[in-house]
Amino acid sequence: MKKLFIKTYGCQMNAYDSARMADLLAPLGYAATDAADGADMVILNTCHIREKAAEKVYSELGRLAQMKREKPGLLVAVAGCIAQAEGEEMTTRVPAIDMLVGPQSYHRLPEMIARHARGQGQVLETDFPALEKFDHLPQSTDTAVSAFLTVQEGCDKFCTFCVVPYTRGPEHSRSPESVIAEAKALASRGAREIVLLGQNVNAYRGTDAAGKIWNLARLAAGLADVEDILRIRYMTSHPRDMDDELIAAHGANEKLMPFLHLPGQSGSDTVLEAMNRQHTADDYLRLIERLRAARPDIAFSSDFIVGFPGESDADFQATMDLVRTVKFAQCFSFKYSPRPGTPAAGARKVIAEAVKTERLQALQALLLQQQDQANLSVIGKSVPVLFEKSGRDPGQLVGRTPWLQPVHVHGPKSLIGRVADVAIERLTANSLHGALHDESVLLESALA
Ligand code: 5AD
Ligand code: SF4
């Protein structure tokens with residue numbers, strides 16, 4: 001057996017891609033390992049979304065080049081969005097790279113390894129043959145209770161700050177049949193929750209064998225028919241693509257969890273316009289209201305950027321106001337960083353670093369307060385928890401509420417992969433603690 005180490009940067013889609021690359025290389029005799037030391041092949045699955053990512057990858061490559069001097073047979077591959085963006089520049093700068101593959105071409109890795117072995121030197125693949133990728137991947141071997149499943153890739157939105165449309169290419173959706181088949185295969189290996197992934201997942205438009213187009217609401221309904229799948233989530237969504245059917249599905253599809261990651265980016269219409277978000281702050285707020293009307297207990301998370309070029313104090317306050325109005329359960333917030341090749345990178349009215357820092361701190365303090373509030377609101381309640389794995393302490397289990405909060409309880413391992421009601425008692429840091437109170441489960445626990 002040869003050892004394969006994959007280092008994953010960035011988002012869940014990259015985590016999914018890394019798992020699929022491991023599946024793809026398993027038939028070639030590669031077994032996954034968790035350190036670069038002693039590996040026969042190292043893949044860096046890179047992310048380009050924010051600053052300094054490329055620097056980190058280059059310094060990691062420096063270390064790998066050193067390792068390669070000691071072990072000349074070591075294969076070094078760079079995958080993901082930085083590979084796509086930098087292409088030949090990267091292979092020229094780092095001769096130790098054997099293979100460079102973009103996110104839409106990694107199904108070609110086995111062939112690239114063969115070409116490299118035949119002495120072709122550095123092998124590059126950075127096309128966008130999106131249509132063929134999923135047809136060439138072997139079945140996933142994931143055994144997680146909560147499993148990722150990529151259904152859509154790419155982005156046609158072109159927010160002016162974002163590299164994704166350039167690195168992941170145009171929007172493309174997998175067929176509903178292939179998604180449902182993969183979900184069934186995951187369920188047969190123990191998955192009880194499916195997290196549908198896509199850069200713009202709610203723009204999903206899959207064509208079935210009869211030529212019919214399925215939107216995400218229909219896909220979620222199809223997946224809800226799979227008995228062993230108990231929970232369905234999806235991320236990341238664009239406000240513009242939240243159609244009526246998907247909003248209604250949050251009220252009608254019981255397996256669709258009441259939690260939605262819906263990036264807002266800013267609360268100022270001027271900034272939203274400059275970002276080319278194609279919605280106003282009011283559009284966003286009305287959408288939140290409609291989702292709450294469909295599913296009153298729905299919780300929201302979001303992404304916000306502070307310090308976008310031209311962002312005034314009033315613009316930033318508009319973001320704070322929007323956050324206060326919505327009350328998020330969880331949120332990610334970032335300082336704007338210019339990404340090479342994106343329209344906003346050339347903007348003149350840049351915001352001073354100190355101002356960005358100040359705004360980010362104020363926003364994060366507010367978001368943290370809201371997150372605590374959301375966690376505290378379930379204390380004293382009985383909540384259905386899907387158990388995913390054992391915890392660190394003996395006899396401890398870790399699961400999640402419908403609102404994605406981690407919960408720790410003491411209970412039998414047989415609960416892993418099942419949903420049981422938990423009486424939530426207290427909150428520590430970001431985790432809830434409680435006790436099982438379903439009598440049949442307690443009996444099982446006593447017998448275990
Ligand atoms: N600067 C800062 N944050 C960014 N994001 C994307 N591009 C940038 C950038 N250039 C953030 C957005 C997006 C999240 C994944 O990363 O908020 O939703
Ligand atoms: Fe980037 Fe905007 Fe597309 Fe999201 S919708 S991936 S932020 S361009």
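Atom set for the values below is all heavy atoms of this structure, side chains included, hydrogens, waters and symmetry mates excluded.
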Rounded to the nearest 0.5 Å, what's the gap from [atom1] on [X] to [atom2] on [Y]? Could you check?
| X | Y | atom1 | atom2 | value |
| --- | --- | --- | --- | --- |
| Leu415 | Leu386 | CG | CG | 10.0 Å |
| Lys335 | Thr357 | NZ | OG1 | 3.0 Å |
| Lys7 | Ser18 | NZ | OG | 11.5 Å |
| Met21 | Met41 | CE | CE | 9.0 Å |
| His107 | Arg20 | NE2 | CZ | 12.5 Å |
| Thr207 | Glu177 | OG1 | CD | 9.0 Å |

Q: Sorted by first residue and then second, give each ring pair (Phe, Tyr, Trp, His ring centres under 6.0 Å) pair with at least one member in residues 335-381; sequence neighbours left out.
A: Phe308-Tyr336

Strictly distance-based, threshold 3.5 Å: is any side-chain N or O of [X] a donor or acceptor partner for the main-chain N or O of [Y]?
| X | Y | result |
| --- | --- | --- |
| Asn14 | Tyr9 | yes |
| Thr236 | Asn200 | no |
| Lys56 | Lys52 | no |
| Tyr234 | Leu260 | no |
| Lys184 | Val226 | no |
| Ser431 | Thr428 | no |

Q) Does a side-chain N-to-carboxylate-O contact under 4.0 Å join Glu245 and Arg218? A) no

**Q.** Short N-O contact, Arg290 and Asp244, less than 4.0 angstrom
**A.** yes

For [X], give me all partners under ring pair (Phe, Tyr, Trp, His ring centres under 6.0 Å), at least two apart in sequence or on another chain.
| X | result |
| --- | --- |
| Tyr106 | none |
| Phe158 | Tyr166 |
| Phe328 | Phe304 |
| Phe334 | none |

Take atom [atom1] in [X]; do more than 12 heavy atoms of anything else shown fall under 6.0 Å from it?
| X | atom1 | value |
| --- | --- | --- |
| Arg93 | CZ | no |
| Glu358 | CD | no |
| Glu227 | CD | no |
| Glu88 | CD | no |
| Arg189 | CZ | yes |

Kindly write out the residues that satisfy salt bridge (Lys or Arg N to Asp or Glu O under 4.0 Å) with [X], not counting sequence neighbours, or none if the list is empty.
| X | answer |
| --- | --- |
| Asp241 | Lys157 |
| Arg400 | Glu388 |
| Asp297 | Arg295 |
| Asp208 | none |

**Q.** Sole residue of Gln330, Gln370, Lys327, Arg292 in side-chain contact (heavy atoms from CB on, under 4.5 Å) with Phe300
**A.** Arg292

(Q) Using the side-chain contact (heavy atoms from CB on, under 4.5 Å) definition, which of the options Ile82, Val57, Val164 pairs with His48? (A) Ile82

Q: Examine the side chains of Thr141 and Asp23 and answer whether a donor and an acceptor come within less than 3.5 Å of each other.
A: yes

Distance-minimising heavy-atom pair for [X] and [Y]:
| X | Y | result |
| --- | --- | --- |
| Leu149 | Val179 | CD1-O, 3.7 Å |
| Thr126 | Ala83 | CG2-O, 4.0 Å |
| Val383 | Pro402 | CG1-CD, 3.8 Å |
| Thr33 | Ala39 | CG2-CB, 4.4 Å |
| Val419 | Pro384 | CG1-CB, 3.7 Å |
| Glu171 | Ala203 | OE1-CB, 3.7 Å |

(Q) For a side-chain contact (heavy atoms from CB on, under 4.5 Å) check, start with the C-alpha distance between Leu64 and Phe5, then their side-chain angles and the critical distance, and finish with the verdict. (A) CA-CA 12 Å; Leu64 291 172; Phe5 174 59; over 6 Å; no

Q: Determine, stepwise, if the pair Leu61 / Met90 fulfils side-chain contact (heavy atoms from CB on, under 4.5 Å).
A: CA-CA 10 Å; Leu61 282 168; Met90 193 167 214; 3.9 Å; yes

Please enumerate all residues that pass side chain to side chain donor-acceptor pair (under 3.5 Å) together with [X], with sequence neighbours excluded.
| X | answer |
| --- | --- |
| Asp269 | none |
| Glu311 | Arg359 |
| Ser301 | His261 |

Q: Report yes if some heavy atom in the side chain of Gln104 is under 4.5 Å from a heavy atom in the side chain of His172; otherwise report no.
A: no

